[in-house]
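Below: one structure, written as structure tokens.
Reminder, nothing fancy here: chain letters follow the sequence lines and each chain counts from 1. Bear in mind the structure is a predicted one, so any value in this text is a computation, not a measurement.
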Number of protein chains: 2
Amino acid sequence: MSIRQAMLAILEQGPMYGYQLRAEFEQRTGETWPLNIGQVYTTLTRLERDGMVEVVESAAEDGSDRTHVSYRATESGRSEVSEWFATPVPRTQPPRDELAIKLAIAVTLPGVDVATIIQRQRSATMTSLQDYTRLKRTGRAANPEAPEDLAWSLVLDSLVFDAEAEVRWLDHCEARLRRAAADRPAASAHATPTATPETSDGVAR
Amino acid sequence: MSIRQAMLAILEQGPMYGYQLRAEFEQRTGETWPLNIGQVYTTLTRLERDGMVEVVESAAEDGSDRTHVSYRATESGRSEVSEWFATPVPRTQPPRDELAIKLAIAVTLPGVDVATIIQRQRSATMTSLQDYTRLKRTGRAANPEAPEDLAWSLVLDSLVFDAEAEVRWLDHCEARLRRAAADRPAASAHATPTATPETSDGVAR
DNA sequence: CGACACATGTAACACGTTACATGATTTG
DNA sequence: CAAATCATGTAACGTGTTACATGTGTCG
């Protein structure tokens with residue numbers, strides 16, 4: 001649902017055609033979320049159907065006489081954009097987190113080696129983190145003053161913050177599982193139920 | 001794509017029918033990611049088509065003579081699950097982050113009050129954080145020893161880590177924007193173009 | 001009995017990806 | 001000129017949500 005609004009928002013800069021829209025989007029987000037060109041056209045069609053944009057056949061501005069199928073945001077479109085900016089992204093129904101789902105299920109199944117899953121995941125994520133920092137050094141020399149480069153840089157930071165949070169969470173999970181295992185040591189290998197005393201957890205909460 | 005694997009993984013516990021699968025899933029993830037019952041059936045159909053599960057008409061175990069349409073994981077299904085657990089969730093194409101996209105575009109558009117967007121978002125996210133901690137206190141009395149409750153608790157922690165990372169990122173963005181504004185002070189309020197020396201145009205790019 | 005939860009589906013739609021078709025323009 | 005890139009689409013498929021239809025079991 002965010003592509004639609006993003007495209008509409010970019011149209012605030014003026015009428016554009018499909019390819020241009022994709023270029024503008026990717027310039028701001030880097031190679032992070034490549035935007036499928038097919039989807040650009042289908043989304044534009046739906047936006048037009050919903051009265052958010054209208055077609056403006058425009059000559060290419062580069063002098064050639066080629067015309068493109070450009071789109072311009074309508075009044076409705078512009079108001080949808082400002083509402084998008086004015087409303088915080090809700091956390092009521094966060095997108096499903098595959099890693100969280102995976103671990104949540106893993107800890108409930110017998111015979112699944114959760115510790116290994118965690119270690120592999122952390123190692124993969126830390127590799128990504130290194131890639132991100134490498135990207136930040138290499139990054140788009142250009143001029144860091146330009147808003148598009150600032151945008152891309154912020155997106156990159158967002159990925160870093162996210163990956164760091166994931167690593168922290170993995171450490172946290174590891175610790176909690178270790179404590180849980182310490183409380184009832186037999187449960188791992190040969191499945192001895194050990195009758196769990198009272199409620200004396202130690203798992204906190 | 002994660003629901004499919006999650007359902008398949010849960011079937012490792014033994015044959016189940018639609019409603020049961022949903023209940024097992026939601027018990028592990030709390031009310032975080034409610035699983036649509038319609039999707040359960042369509043996903044089961046596709047899993048069967050792909051040879052991952054097979055139907056086992058089973059009598060309900062609670063004594064009643066009612067039979068349910070239960071599914072059991074096949075050999076292929078089981079191997080897909082173990083591969084799922086063995087492979088880290090890749091960060092190569094992370095799911096699109098609506099907030100990051102929104103801010104990335106916002107900073108490149110003239111006349112958008114990014115500072116306000118950030119403040120509103122942070123305030124909304126911190127409210128969610130409070131809800132999470134309240135949930136952690138209230139949480140599912142039951143017994144925290146039970147693996148399902150541990151799972152749900154880890155998921156909740158994941159939400160917290162995520163929200164905290166978001167707040168940190170918002171602070172980070174705010175700081176960077178303040179620095180950028182300090183470097184070229186005129187750009188904010190009354191849209192004074194200040195003629196940006198060399199490349200002219202003001203629209204940049 | 002009537003309301004409600006359980007249980008199994010189907011249809012319609014939105015969104016997203018991959019792949020293909022078809023031209024025009026640019027460039028080695 | 002041939003190949004690559006730009007540009008605009010369409011078709012097929014997977015996934016996800018919402019809504020509807022239909023029937024069974026339970027409980028006040």
Side-chain angles (χ1 to χ4, degrees), chain A residues 1-8 15-27 29 32-50 52-53 55-71 80 90 92-98 101, chain B residues 1-8 15-27 29 32-50 52-53 55-71 80 90 92-98 101:
Chain A
M1 198 63 216
S2 45
I3 291 298
R4 182 187 157 102
Q5 341 263 70
M7 283 176 51
L8 204 44
M16 292 183 196
Y17 54 90
Y19 252 66
Q20 246 181 324
L21 263 169
R22 181 176 72 163
E24 295 285 335
F25 180 87
E26 294 192 343
Q27 194 178 6
T29 56
T32 315
W33 301 298
L35 184 49
N36 184 279
I37 186 61
Q39 194 185 352
V40 172
Y41 291 112
T42 52
T43 302
L44 279 174
T45 308
R46 284 193 271 249
L47 281 172
E48 190 182 8
R49 178 201 57 189
D50 299 343
M52 298 291 134
V53 302
V55 177
V56 229
E57 292 283 343
S58 76
E61 65 291 316
D62 60 4
S64 92
D65 56 355
R66 183 140 162 63
T67 71
H68 292 296
V69 189
S70 286
Y71 291 83
E80 187 166 306
T92 36
Q93 256 122 64
R96 293 203 179 93
D97 180 340
E98 180 170 352
I101 292 176
Chain B
M1 196 67 216
S2 45
I3 292 297
R4 182 186 156 102
Q5 341 263 77
M7 284 176 52
L8 203 44
M16 292 183 195
Y17 55 89
Y19 252 67
Q20 244 180 324
L21 262 169
R22 182 176 71 161
E24 295 285 335
F25 179 87
E26 294 193 343
Q27 194 177 5
T29 55
T32 316
W33 302 296
L35 185 49
N36 183 279
I37 186 61
Q39 194 186 352
V40 172
Y41 291 112
T42 52
T43 303
L44 279 173
T45 307
R46 285 192 271 247
L47 281 171
E48 190 183 9
R49 178 201 56 188
D50 299 343
M52 299 291 134
V53 302
V55 177
V56 230
E57 292 283 342
S58 76
E61 64 292 318
D62 59 4
S64 93
D65 56 355
R66 184 140 163 62
T67 71
H68 292 296
V69 189
S70 286
Y71 291 83
E80 187 165 307
T92 36
Q93 258 121 63
R96 293 201 179 94
D97 179 340
E98 181 170 351
I101 292 176

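B/N36 places its CG atom 15 Å from the P atom of C/dG9, with the value rounded to the nearest Å. Across the protein-nucleic acid pair, B/I3 atom CD1 and D/dG14 atom P stand 17 Å apart, rounded to whole Å. Nucleotide C/dG9 holds its P atom 14 Å from the CG atom of B/L47, rounded to whole Å. Between the CD atom of A/Q39 and the P atom of D/dT10 there is a distance of 15 Å, rounded to whole Å. Between A/H68 atom NE2 and C/dT25 atom P there is a gap of 9 Å when expressed in whole angstrom units. Atom pair A/Y41:OH and D/dA11:C1' shows a separation of 17 Å (rounding to whole Å applied). The distance between atom CG of A/L21 and atom C1' of D/dT8, rounded to the nearest whole Å, is 13 Å. Atom OH of B/Y17 and atom C1' of C/dT8 are 12 Å apart (whole Å).
For the pair A/E26 and A/P34, the tightest heavy-atom approach, listed with the atom from each and the gap, is OE2-CA, 3.3 Å. The shortest non-hydrogen separation linking A/A6 to B/I101 is CB-CG2, 3.8 Å. Taking every heavy atom of both residues into account, A/V69 and A/Y17 meet most closely at O-CB, 3.3 Å.
Here A/R22 lies out of heavy-atom contact (under 4.0 Å) with every strand.
Between A/T43 and B/G38, the residue whose closest nucleotide on DNA chain C is further toward the 5' end is B/G38. Summary of the strand contacts: A/L35 and B/I37 both lie near DNA chain C, and taking for each the nucleotide with the nearest heavy atom, the more 5' one is attributed to B/I37.
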Under the 3.5 Å Watson-Crick or G-U criterion, the dot-bracket string of DNA chain D, with | for inter-strand pairs: ||||||||||||||||||||||||||||
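Residues A/P94 and B/W33 have side chains in contact (heavy-atom distance under 4.5 Å, counting atoms from C-beta outward).
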Pair B/L35-A/R96, side-chain contact (heavy atoms from CB on, under 4.5 Å): steps then yes or no: CA-CA 10 Å; B/L35 185 49; A/R96 293 203 179 93; 4.1 Å; yes
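Between the side chain of A/N36 and the main chain of A/G38, a donor-acceptor pair closer than 3.5 Å is present.
Annotation: cation-pi pair A/R22/A/F25 absent, no NZ/CZ under 6.0 Å from the ring centroid and within 45° of its normal.
In this structure, A/R46 does not reach the C/dA14 phosphate: none of its side-chain N or O atoms is under 4.0 Å from OP1 or OP2.
Comparing atom distances between the B/R49 side chain and each of D/dT15, C/dT10, D/dG14 picks out D/dG14 as nearest. Here D/dG16 is the nucleotide among C/dG16, D/dT15, D/dG16 with the atom lying nearest to any side-chain atom of A/R96.
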